[in-house]
Amino acid sequence: MSVSVREKIKTGAAALLFLLSAFLSPGAARADFSDFFLVGDDIGSDKIPRFGSSRVLVVFAISDPSSAPTRLLDLFSLDAPGPTLRDYFRAASISQYDPKPEIVFVAAPSGVAPSGFPSFNEASPWRGFTKEILESLSSSGSFVPAEFDINGAEGLPDGYLDGLIIIADGVEGAHAFPGGVLPGTIFGAVAPGPFALAGPDASEFEILRAFARMLGFAPIPTGPDGRGGIVLSLMGAPDKGIPLIDGYSRLRAGWAKPVLVADPPRLFFLLPALDSGEIYITGGAHEFFLVENRRPASGFDTALSGPGLAVFHIDETRLVPPGSEPPDGDPVWRPVIMNKWPDASYPLQKGIPASSDDALFRDGAVFKSDYSAQNPLSDKRHPINSNYHGGEPSDFVIKDIDVSAHFPMITVTLGME
């Protein structure tokens, strides 16, 4: 390896470490709701706290309380067997966040729910419907508002509910709303802040995803024709079961333990991301690769047949605040985050159904730069390599993968050639 290449790696490593520290720094201005955590000073008003212990108010506003689905009651339980909302987010945050739901029942609204689906950006058709539920709750005397404001940006009460989920008849799916869509609604000295609205038939996946949006996690964007996105993420395309939130989103949230790979190739022992929170990253300050050990576990990533490496290509030059114009470039083949597929199939970029299991790198798979064809990926040409989006080789290599010899650890050679 030449001196110039070594210096390039050192410079990139330093820049990447600086970038990682910036992930956890609060922003200088308000942002709209879920924004990949570009802004960090809007906890309470636009995001619920994602660290520490919170009490989450779950309101069932249904005509027959005895018909509340057992699976949803279990989802919000503190001790039910199987995956619960609390279990999921404690695991995803490597125990940095502990949401404790508490269920209350109130009278269902007198009118029917508005027609159509609740909109993430436009809440007005649902404002009156939701306010009637909250007013019924407020007058019922069935809860003490201050008991659900125990957490905030500083880990102390901040005048906003720590989290609010409403289950109501007539709602289809589960949908999150930012703070401010219910002006004037306040319980004593406590305002609702962000909340989720869901129907009794909403799936656990939909409800967990809506709750993640309240925390500030953003759905992975797709192109204008619907192509793109990712698998292996609660914020990506749905699959069987409930996937862990992808490593990049957890990194931005401060829920991951980054390990920088900047040296010549050597053997690594990767612990499961679900247990350790570890992710392995390499590349430049704004475009890099992320690797994590993903495996099926009780209630999580059950679509996977066994352990493997999830490899994501990250391009933060594509990351823009909500309301800003997206940068020039192909949103399908050059997104903020995309899966690397060991068979170079890229089904999501082709607009066809994708299996999370097929996105994992296992024994025999190799991921390295291609120096002979330094072209951007496109519909016509999309080989598997560790080149940057512009076609320049990154020199990053993944090889010698062994998913079974040291289970649950995966042994793999990682490094810069």
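The structure presented is a predicted model; accordingly, all values stated were derived computationally and were not measured. This chain uses plain numbering: 1 for the first residue, then up along the sequence.
Between Phe217 and Phe36, the distance separating the two ring centers is not shorter than 6.0 angstrom. Aromatic ring centres of Phe211 and Phe89 lie closer together than 6.0 Å. Here the two rings, on Tyr280 and Phe268, have centers that are under 6.0 Å apart.
Side chain of Ser54 to backbone of Val56: no donor-acceptor contact under 3.5 angstrom is found. A donor-acceptor pair under 3.5 Å links the side-chain atoms of Asp149 to the main chain of Gly159, judged by distance alone. Asn293 places no side-chain N or O within donor-acceptor distance of the main-chain N or O of Ala273, the cut-off being under 3.5 Å. Remark: the backbone N or O of Leu232 is paired with a side-chain donor or acceptor of Arg294 at under 3.5 angstrom. When atom types are taken as modelled, the side chain of Asp402 and the backbone of Ala405 share a donor-acceptor pair closer than 3.5 angstrom. His175 places a side-chain N or O within 3.5 Å of a backbone atom of Glu172 that can act as its donor or acceptor partner. In this structure, Ser138 contributes its side chain and Glu135 its backbone to no donor-acceptor pair below 3.5 Å. For Ser276 (side chain) and Pro272 (main-chain N/O), a donor-acceptor pair under 3.5 Å exists by modelled atom type. Between the Asn339 side chain and the Trp341 main chain, no donor and acceptor come within less than 3.5 Å of each other. Looking only at distances, a side-chain donor or acceptor of Glu292 sits under 3.5 Å from a matching main-chain atom of Gly247.
Pro347 places none of its side-chain heavy atoms less than 4.5 Å from the side chain of Lys350. At a threshold of 4.5 Å between non-hydrogen side-chain atoms, the residues Gln96 and Arg50 do not count as touching. Side-chain atoms of Leu267 and Thr411, non-hydrogen and from C-beta on, do get closer than 4.5 Å to each other. Residues Ile103 and Leu73 meet the side-chain proximity criterion, which asks for heavy atoms closer than 4.5 Å. At least one side-chain heavy atom of Val171 sits under 4.5 Å from a side-chain heavy atom of Phe129. Two residues are said to be in side-chain contact when any heavy atoms from C-beta on lie closer than 4.5 Å; Asp225 and Val332 meet this criterion. You'll find the side chain of Pro224 reaches within 4.5 Å of the side chain of Pro331, heavy atoms only. Contact check for Met416 versus Pro264: no side-chain heavy atoms found under the 4.5 Å cut-off.
Among all heavy-atom pairs drawn from Leu234 and Ala212, the shortest one is CD2-CB, 4.0 Å. Counting all heavy atoms, side chain and backbone alike, Pro243 lies closest to Gly241 at CD-O, 3.7 Å. Among all heavy-atom pairs drawn from Pro200 and Pro69, the shortest one is O-CG, 3.4 Å. Between Ala153 and Asp158 the shortest heavy-atom distance is N-OD2, 4.3 Å. Counting all heavy atoms, side chain and backbone alike, Ala310 lies closest to Leu360 at N-CD2, 3.7 Å. Taking all atoms of both residues into account, the shortest heavy-atom contact from Thr222 to Gly229 is CG2-N, 3.8 Å.
Evaluated for a side chain to side chain contact (heavy atoms under 4.5 Å, CB included) with Val336, the options Ile220, Ile230, Thr317, Leu319 yield exactly one hit, Leu319. None of Leu57, Leu164, Thr130 except one satisfies the side chain to side chain contact (heavy atoms under 4.5 Å, CB included) rule with Pro192; the exception is Leu164.
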Candidate pair Ile279 and Lys257, rule side-chain contact (heavy atoms from CB on, under 4.5 Å), full reasoning: CA-CA 6 Å; Ile279 58 173; Lys257 296 179 179 178; over 6 Å; no
From CA spacing to verdict: side-chain contact (heavy atoms from CB on, under 4.5 Å), Leu270, Leu309: CA-CA 9 Å; Leu270 271 63; Leu309 296 181; 3.6 Å; yes
Working for side-chain contact (heavy atoms from CB on, under 4.5 Å), residues Met338 and Gln349: CA-CA 9 Å; Met338 69 187 299; Gln349 276 64 39; 3.8 Å; yes
Salt bridge (charged side-chain N to carboxylate O under 4.0 Å, His left out) evaluation trace for Asp315 with Arg334: CA-CA 7 Å; Asp315 185 354; Arg334 188 172 183 171; 2.9 Å; yes
Intermediate values then yes/no, ring-ring contact (aromatic ring centres under 6.0 Å, His included), Phe312 and Phe289: CA-CA 6 Å; Phe312 298 97; Phe289 298 93; over 10 Å; no
Asp330/Arg318 under salt bridge (charged side-chain N to carboxylate O under 4.0 Å, His left out): CA gap, chis, key distance, verdict: CA-CA 10 Å; Asp330 188 343; Arg318 308 289 301 171; over 6 Å; no
Audit row: Ile398, Phe361, side-chain contact (heavy atoms from CB on, under 4.5 Å) steps and yes/no: CA-CA 9 Å; Ile398 302 175; Phe361 285 66; 5.6 Å; no
Verdict with reasoning, Arg266 to Asp263, per salt bridge (charged side-chain N to carboxylate O under 4.0 Å, His left out): CA-CA 8 Å; Arg266 67 177 180 86; Asp263 298 319; 5.0 Å; no
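To the nearest 0.5 Å, atom CD1 of residue Ile314 and atom NE2 of residue His389 are 9.0 Å apart. Atom OG of Ser77 and atom CG of Leu85 lie 11.0 Å apart (nearest 0.5 Å). Rounded to the nearest 0.5 Å, atoms CG (Leu271) and CZ (Arg295) are 10.0 Å apart. One finds the CG atom of Leu414 at 8.5 Å from the CD1 atom of Ile401 (value rounded to the nearest 0.5 Å). A distance of 10.5 Å separates CG of Asp87 from CG of Leu208, quoted to the nearest 0.5 Å. Taken to the nearest 0.5 Å, the CZ atom of Phe396 stands 13.0 Å off from the CG atom of Asn387.
Between Trp255 and Tyr97, the two ring planes are parallel [angle under 30°; tilted spans 30° to 60°]. Classification of the Phe177-Phe195 ring pair by plane angle, with boundaries at 30° and 60°, yields parallel. The aromatic rings of His382 and Trp333 sit parallel to each other, their planes meeting at less than 30°, with 60° as the upper class boundary.
No donor-acceptor contact under 3.5 angstrom links the side chains of Asp395 and Ser369, judged on distance only. Remark: the Glu287 side chain and the His313 side chain contain an N/O donor-acceptor pair separated by less than 3.5 Å. In this model, a donor atom of one side chain and an acceptor atom of the other lie less than 3.5 Å apart for Ser249 and Asp246.
Using a 4.0 Å cut-off between charged side-chain N and carboxylate O, Arg55 and Asp98 make no salt bridge. Look at Arg362 and Asp357 and you find a salt bridge, because one of the NZ, NE, NH1 or NH2 atoms lies within 4.0 Å of a carboxylate O, short of that distance. One finds no salt bridge joining Lys368 and Glu417 here, because no Lys/Arg side-chain nitrogen approaches an Asp/Glu carboxylate oxygen to under 4.0 Å. Salt bridge annotation for Glu316-Arg252: present, with a cationic side-chain nitrogen under 4.0 angstrom from a carboxylate oxygen.
Counting non-hydrogen atoms of neighbouring residues, nucleotides and ligands closer than 6.0 angstrom, the NZ atom of Lys240 reaches no more than 12 such neighbours.
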